[in-house]
Amino acid sequence: MAAGMLAGMVLAVPCWLVAGLWLGMIEPMLQIMLGGMLAGMAGGMAAVSEVRSDIVGLLLLGVACGAATSLATACADWALRRWGSECP
């Protein structure tokens, strides 16, 4: 699982660098690295199980976990910014 998390973070670096060109380097880092860690962790756990552990299944699982994590983090960021601006 730890190796999957490390691999997910390493594979997320190119996405982070490309997104950093448009959004700045700090803004997308949390979302992309967290998504990479979760995708790697889920892929590592699924690879040792007997539930569809072929490369296409692991790729789809990683993409789904990464996208869901990035979307949840972006929604939390939006909510915190919106509610934080209403406080005096």
Side-chain angles (χ1 to χ4, degrees):
M1 193 163 52
M5 288 174 62
L6 180 64
M9 287 191 306
V10 168
L11 292 173
V13 168
C15 298
W16 171 46
L17 294 175
V18 170
L21 294 173
W22 289 283
L23 302 171
M25 293 307 285
I26 299 299
E27 288 292 326
M29 183 175 64
L30 178 69
Q31 295 171 346
I32 292 173
M33 289 297 175
L34 188 62
M37 283 191 328
L38 181 67
M41 192 170 38
M45 287 189 293
V48 296
S49 70
E50 295 182 22
V51 178
R52 182 124 195 244
S53 63
D54 60 338
I55 193 69
V56 175
L58 293 176
L59 179 68
L60 291 175
L61 176 66
V63 168
C65 287
T69 303
S70 295
L71 183 63
T73 307
C75 290
D77 180 52
W78 176 82
L80 289 172
R81 288 176 187 257
R82 179 176 173 175
W83 290 330
S85 66
E86 294 175 359
C87 295

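Position 1 is the first residue of the sequence, and the numbers go up from there.
Pairs of residues two or more places apart, or lying in two chains, that qualify as salt bridge (charged side-chain N to carboxylate O under 4.0 Å, His left out) and include a residue from residues 63-80 are Asp77-Arg81. Sequence neighbours left out, not one pair with a member in residues 66-75 passes salt bridge (charged side-chain N to carboxylate O under 4.0 Å, His left out).
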Name every donor-acceptor pair, under 3.5 Å, that has one atom in a side chain of residues 5-24 and the other anywhere in the protein, sequence neighbours excluded.
{"unit_1": "Trp16", "atom_1": "NE1", "unit_2": "Met25", "atom_2": "O", "d": "2.8"}

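Linking Ile, Leu, Val, Met, Phe, Trp and Tyr whenever their side-chain heavy atoms come within less than 4.5 Å puts Met33 and Leu38 in one cluster. In terms of hydrophobic clustering, with Ile, Leu, Val, Met, Phe, Trp and Tyr side chains grouped at heavy-atom distances under 4.5 Å, Leu71 and Ile32 are assigned to different clusters.
Residues passing the side chain to side chain contact (heavy atoms under 4.5 Å, CB included) test with Thr73 are Leu30, Gln31, Leu34, Thr69, sequence neighbours excluded.
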